[in-house]
**Student:** 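Structure incoming, see below.
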Protein chains: 2
Amino acid sequence: MNQSKRYLDIVRDLRDMIRQENIRPGDRIPSERELAETLQVGRSTIREALRSLELLGLIETRRGEGTFLADHRNNMLVEVLSTFILQDNQSQKDVQETRQIHELAAIQTICNNKATSQMAVWEGFRIRLSDEENGFQREDFVRELMVLSGNRLSLKIWVILHQYSGNPYNGTVSTPEKERLLNILAAIGQQQTDKAVNEFKTWSDWLLKERLRDDS
Amino acid sequence: MNQSKRYLDIVRDLRDMIRQENIRPGDRIPSERELAETLQVGRSTIREALRSLELLGLIETRRGEGTFLADHRNNMLVEVLSTFILQDNQSQKDVQETRQIHELAAIQTICNNKATSQMAVWEGFRIRLSDEENGFQREDFVRELMVLSGNRLSLKIWVILHQYSGNPYNGTVSTPEKERLLNILAAIGQQQTDKAVNEFKTWSDWLLKERLRDDS
DNA sequence: TTTTGAAAGTGGTCTGACCACTCATATTGA
DNA sequence: TCAATATGAGTGGTCAGACCACTTTCAAAA
């Protein structure tokens, strides 16, 4: 009777359609008008369903082209949720802490895995650090850690938190920092997990303190 | 130039409005027509934004009554996402991993803090575990960990991931589990951080494996 | 006083109309 | 012939207006 929320049915129908026709990420799904015709509902109802799925990052729409099943690797779910979740108390401390949680977990994962701990990219960082000329971007290093940890969700969350943190790794390393970073890189290469984690934490905490001092 | 997606702006506007006017969960937000008038957009655009937020479980609409800010208990989000996203093993793995990252960080924080590690609530868990009659809900324990870690952002992320994970801690502990948990509780009480973390990880991993076996 | 029912307000849906944009194709110009 | 251009079909983005179904309110009727 009161089956309110027809757009929810549409969401279901879409899911089934995607399943049945084996539509894969990146593929195009029928146009809004076509779906409205097929499912016998108004176009606005179709759009409500599609917009919902879009906000969830499940589909992607391109004006003039069509609607596509999204590669959920880049979904905005986390972003949307964060903007809502972080509304009340802008507890910067929580954000910083949580960001670091993900970073430490990443470096731990990397150390515990022989393949990732021995990657050439670390040697590359070492060289760039030793090169006096070359400005070493902190963020490149940390982002590499997050990427190589292999956890895409964690990476996505980190990116958001990193932005919220006011890009704490922005800028190039100072001379006293270089030694610290070389230590971390060495620990990674030798799979000394605890040492790498601790050194990183020390560096990260120190950096944060510096930044606070600069602001005031 | 024209940034498409007006409804995304609406989402932002709504967030700001909710924040500014201090609208709390359960409170009513302006009607669709009112919002359309205020924000100078068509009602259908407003609806697209609202429907998106509804699917996320952030608002709740009742025909004839209005739209309300939701309590964060809605699990439609989980249902929809699990049917769309979680088919992918890698994603599933990422979610589980990320959830555990937050849990391990929480238990570590608790152990490192004398106040939280000595709280009476742990003694309460010990008693409940020893009591044969009393069914011990795993989830109560883990949620307590997350809450007492003091990081509200981490807690909120965890709640979401926990739902995504298919409530891995659902149910009561079996007899062989009790010893494991008692060990964890003991380690917490004695502030043996590493031990607590490792024991917890072992338990969590074991639980996950059990669950996978049950499913197949 | 209690009951009833009409009115106002709200979300749910549909229709039809434009607009802005993309892309494939036809047309034009060299 | 070939390249540049114009055009038209198709698509998502948005709007306005119209009903419908439902809830609440409150004044009129019993």
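We name chains A, B, ... by the order of the sequence lines, and we start the count at 1 in each one.
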**Student:** Is there a donor-acceptor pair under 3.5 Å between the side chain of A/D27 and the backbone N or O of A/R24?
**Tutor:** yes

**Student:** Ring of A/W206, cation from A/R180 - is the NZ or CZ under 6.0 Å from the centre and inside 45° of the axis?
**Tutor:** yes

**Student:** Within this structure, what is the CD-to-C1' distance between A/E54 and D/dT14, rounded to whole angstrom?
**Tutor:** 14 Å

**Student:** Only counting residues at least two apart or in another chain, list the ones meeting side chain to side chain donor-acceptor pair (under 3.5 Å) with B/R138.
**Tutor:** B/E177

**Student:** What is the distance, rounded to the nearest whole Å, between atom CZ of A/R47 and atom C1' of D/dT11?
**Tutor:** 10 Å

**Student:** Check the phosphate of D/dT23 against B/R63, side-chain N and O only, distance under 4.0 Å to OP1 or OP2. Yes or no?
**Tutor:** no

**Student:** Report the residue (A/G64 or A/S44) whose heavy-atom-nearest nucleotide on DNA chain C is the more 5′ of the two.
**Tutor:** A/S44

**Student:** Can you tell me if the side-chain N/O atoms of B/R51 get under 4.0 Å from OP1 or OP2 in C/dG12?
**Tutor:** yes

**Student:** Roughly, in whole Å, what's the span from CG in B/L50 to C1' in C/dG11?
**Tutor:** 10 Å

**Student:** Looking at C/dT13, D/dG12, C/dC23, which one has an atom nearest to any side-chain atom of A/E65?
**Tutor:** C/dC23

**Student:** Compare side-chain N and O positions of B/T61 against OP1 and OP2 of C/dT10 and report whether any pair is under 4.0 Å apart.
**Tutor:** no

**Student:** For D/dC15 and B/T45 - does any side-chain N or O of the residue sit under 4.0 Å from the phosphate oxygens OP1/OP2?
**Tutor:** yes

**Student:** Which of residues 27-42 of chain B sit near DNA chain C, with a heavy atom under 4.0 Å from it?
**Tutor:** B/R28, B/S31, B/E32, B/R33

**Student:** Counting only heavy atoms not in B/E37, do more than 12 fall under 6.0 Å of its CD?
**Tutor:** no

**Student:** For C/dG12, does the base pair up with any side-chain atom of B/R43 as donor and acceptor (N or O, under 3.5 Å, distance only)?
**Tutor:** yes

**Student:** Can a side chain N or O of B/R62 be found less than 4.0 Å away from OP1 or OP2 on D/dC22?
**Tutor:** no

**Student:** Output the rounded distance in Å from CD (B/E48) to P (C/dG12).
**Tutor:** 14 Å

**Student:** Taking only Lys NZ, Arg NE, NH1 and NH2, and the carboxylate oxygens of Asp or Glu, determine whether A/R28 and A/E34 approach each other closer than 4.0 Å.
**Tutor:** no

**Student:** Please state how far atom CD1 in A/I10 lies from atom P in C/dG12, giving the value in whole angstrom units.
**Tutor:** 14 Å

**Student:** For A/I46 and D/dT11, give me the distance from atom CD1 to atom P, rounded to whole Å.
**Tutor:** 14 Å

**Student:** D/dG13 P sits how many Å from B/Y7 OH, rounded?
**Tutor:** 8 Å

**Student:** Would a distance-only check, ignoring hydrogens and angles, find a side-chain to backbone donor-acceptor pair under 3.5 Å from B/D94 to A/N151?
**Tutor:** no

**Student:** Here's a test for you: under side-chain hydrogen bond (donor to acceptor under 3.5 Å, both in side chains), which of B/H102, B/Q100, B/E103 qualifies with B/W158?
**Tutor:** B/E103

**Student:** Between D/dG10 atom C1' and A/F68 atom CZ, what is the distance in whole Å?
**Tutor:** 12 Å

